[in-house]
Amino acid sequence: MKSRVLVVVALLGALVACTPQPTGPKVLDREATAEDTLPDSVSLSGVDVQVEPGSARLLANYDDVKYFAARSTTAGTACLIVVPAGLPERWVTGCAAVGMSGRIVTVTSVDGSESTFVNDGADTSRPEFKGLTKIHDNVLISPR
C-alpha cells in the first residue's frame with residue numbers, strides 16, 4: 001500500500017512540475033522604450049509592493065492618465081501603476097498573482113475611478129467587466 005501512495009504522490013508532483021506556470025501579459029516581455037520610464041513622482045521605494053526595477057511598460061495614455069504594467073519581484077505576480085498627468089503625485093499601484101483567470105488586479109484612484117489589469121485573452125464581455133471601458137487589451141477602466 002505504501003508503494004502505491006508513493007507512486008501517486010510522485011505522479012502528482014511530476015504533473016504539477018510540468019504544468020505551465022502563468023507568466024503574465026506578454027506586454028511585460030517586450031523591450032523597454034523611453035516611454036516606459038515611470039514619471040519621477042512615482043517612487044516605489046517604501047511602497048508595500050515589490051516592483052521589479054526597469055520592468056514597467058506603458059500600456060495606455062488615456063484621458064490624461066498613464067497606465068503602466070510591471071513585474072513584481074514575487075514570482076507569478078504583476079502590477080498595474082496608474083499615474084494621472086495633472087497630479088502625478090497621486091499615482092496608485094496594485095500587484096496580484098497573475099493566475100489563470102481574467103482579472104489580475106483592480107486599483108482605485110483618489111477620484112474613485114477604478115482601473116483593472118487583465119490577462120491576455122481575458123473575456124472582457126463577462127458580467128464582472130460590465131460597465132468598464134477597454135482602453136488597452138490588458139486595461140479596463142470605470143467612468144470617473
Side-chain angles (χ1 to χ4, degrees), residues 5-144:
V5 171
L6 288 175
V7 168
V8 169
V9 169
L11 287 173
L12 286 174
L15 181 60
V16 169
C18 293
T19 303
Q21 299 301 311
T23 58
K26 290 183 183 8
V27 69
L28 294 170
D29 296 333
R30 74 168 169 74
E31 286 292 319
T33 67
E35 287 186 324
D36 296 322
T37 303
L38 291 169
D40 291 338
S41 63
V42 180
S43 172
L44 297 171
S45 62
V47 176
D48 195 23
V49 294
Q50 301 297 319
V51 174
E52 188 176 296
S55 70
R57 300 293 181 266
L58 180 64
L59 301 180
N61 190 350
Y62 183 85
D63 201 18
D64 287 332
V65 178
K66 290 186 177 185
Y67 300 84
F68 294 88
R71 290 195 191 283
S72 170
T73 56
T74 303
T77 303
C79 307
L80 178 65
I81 304 166
V82 180
V83 184
L87 298 165
E89 67 281 355
R90 292 198 174 177
W91 60 274
V92 294
T93 189
C95 301
V98 173
M100 297 303 233
S101 68
R103 181 187 313 257
I104 297 172
V105 67
T106 297
V107 297
T108 304
S109 296
V110 175
D111 66 1
S113 62
E114 292 185 339
S115 305
T116 300
F117 187 29
V118 297
N119 276 311
D120 292 338
D123 181 2
T124 56
S125 67
R126 293 175 49 114
E128 66 186 281
F129 301 117
K130 185 176 178 161
L132 300 179
T133 301
K134 188 175 194 175
I135 61 168
H136 180 273
D137 287 342
N138 301 105
V139 180
L140 300 117
I141 60 170
S142 69
R144 292 188 207 183

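Residue numbers count from 1 along this sequence.
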Item to check | Shortest non-hydrogen contact between S43 and W91, atoms and distance | outcome: O-CZ2, 3.4 Å
For residues 107-115, run the donor-acceptor check on the side chains, cut-off 3.5 Å, and write out each pair with its distance to 0.1 Å, sequence neighbours left out.
{"unit_1": "D111", "atom_1": "OD1", "unit_2": "S113", "atom_2": "N", "d": "2.9"}
{"unit_1": "D111", "atom_1": "OD1", "unit_2": "S113", "atom_2": "OG", "d": "2.6"}

Next on the checklist: Quick check for you: to the nearest 0.5 Å, what is the distance between T116 atom OG1 and I135 atom CD1?
Outcome noted: 10.0 Å
Next on the checklist: In the structure I gave you, are the side-chain heavy atoms of Y62 and V139 within less than 4.5 Å of one another anywhere?
Outcome noted: no
Item to check | D29/R71 ion pair, N-O < 4.0 Å | outcome: yes
Next on the checklist: Please find the pair of heavy atoms, one from V51 and one from A70, that lie closest to each other, and give the distance.
Outcome noted: CG1-CB, 3.6 Å
Checklist entry - Nearest heavy-atom pair of S72 and E52: which atoms, and what distance? => result O-OE1, 3.9 Å
Item to check | Where at least one partner belongs to residues 32-41, residue pairs that pass side chain to side chain donor-acceptor pair (under 3.5 Å), sequence neighbours excluded | outcome: R30-D36, T33-D36
Checklist outcome for this item: Sorted by chain and number, sequence neighbours left out, side-chain contact (heavy atoms from CB on, under 4.5 Å) with N61 holds for K66
Checklist outcome for this item: Of T106, D123, I104, L140, the one forming a side chain to side chain contact (heavy atoms under 4.5 Å, CB included) with V118 is L140
Checklist outcome for this item: Residues at least two apart in sequence or cross-chain that pass side chain to side chain donor-acceptor pair (under 3.5 Å) with N119, listed by chain then number, are none
Checklist entry - So do the side chains of F68 and V42 get within less than 4.5 Å of each other, counting heavy atoms only? => result no
Checklist entry - What pairs with D120 under side chain to side chain donor-acceptor pair (under 3.5 Å), at least two apart in sequence or on another chain? => result N138
Show me, pair by pair, the donor-acceptor contacts under 3.5 angstrom made by side chains of residues 77-90, not counting sequence neighbours?
{"unit_1": "T77", "atom_1": "OG1", "unit_2": "T74", "atom_2": "O", "d": "3.4"}

Checklist outcome for this item: Shortest non-hydrogen pair, T124 vs F129, comes out as O-CB, 3.4 Å
Item to check | From K134 atom NZ to H136 atom NE2, the distance as rounded to the nearest 0.5 Å | outcome: 9.5 Å
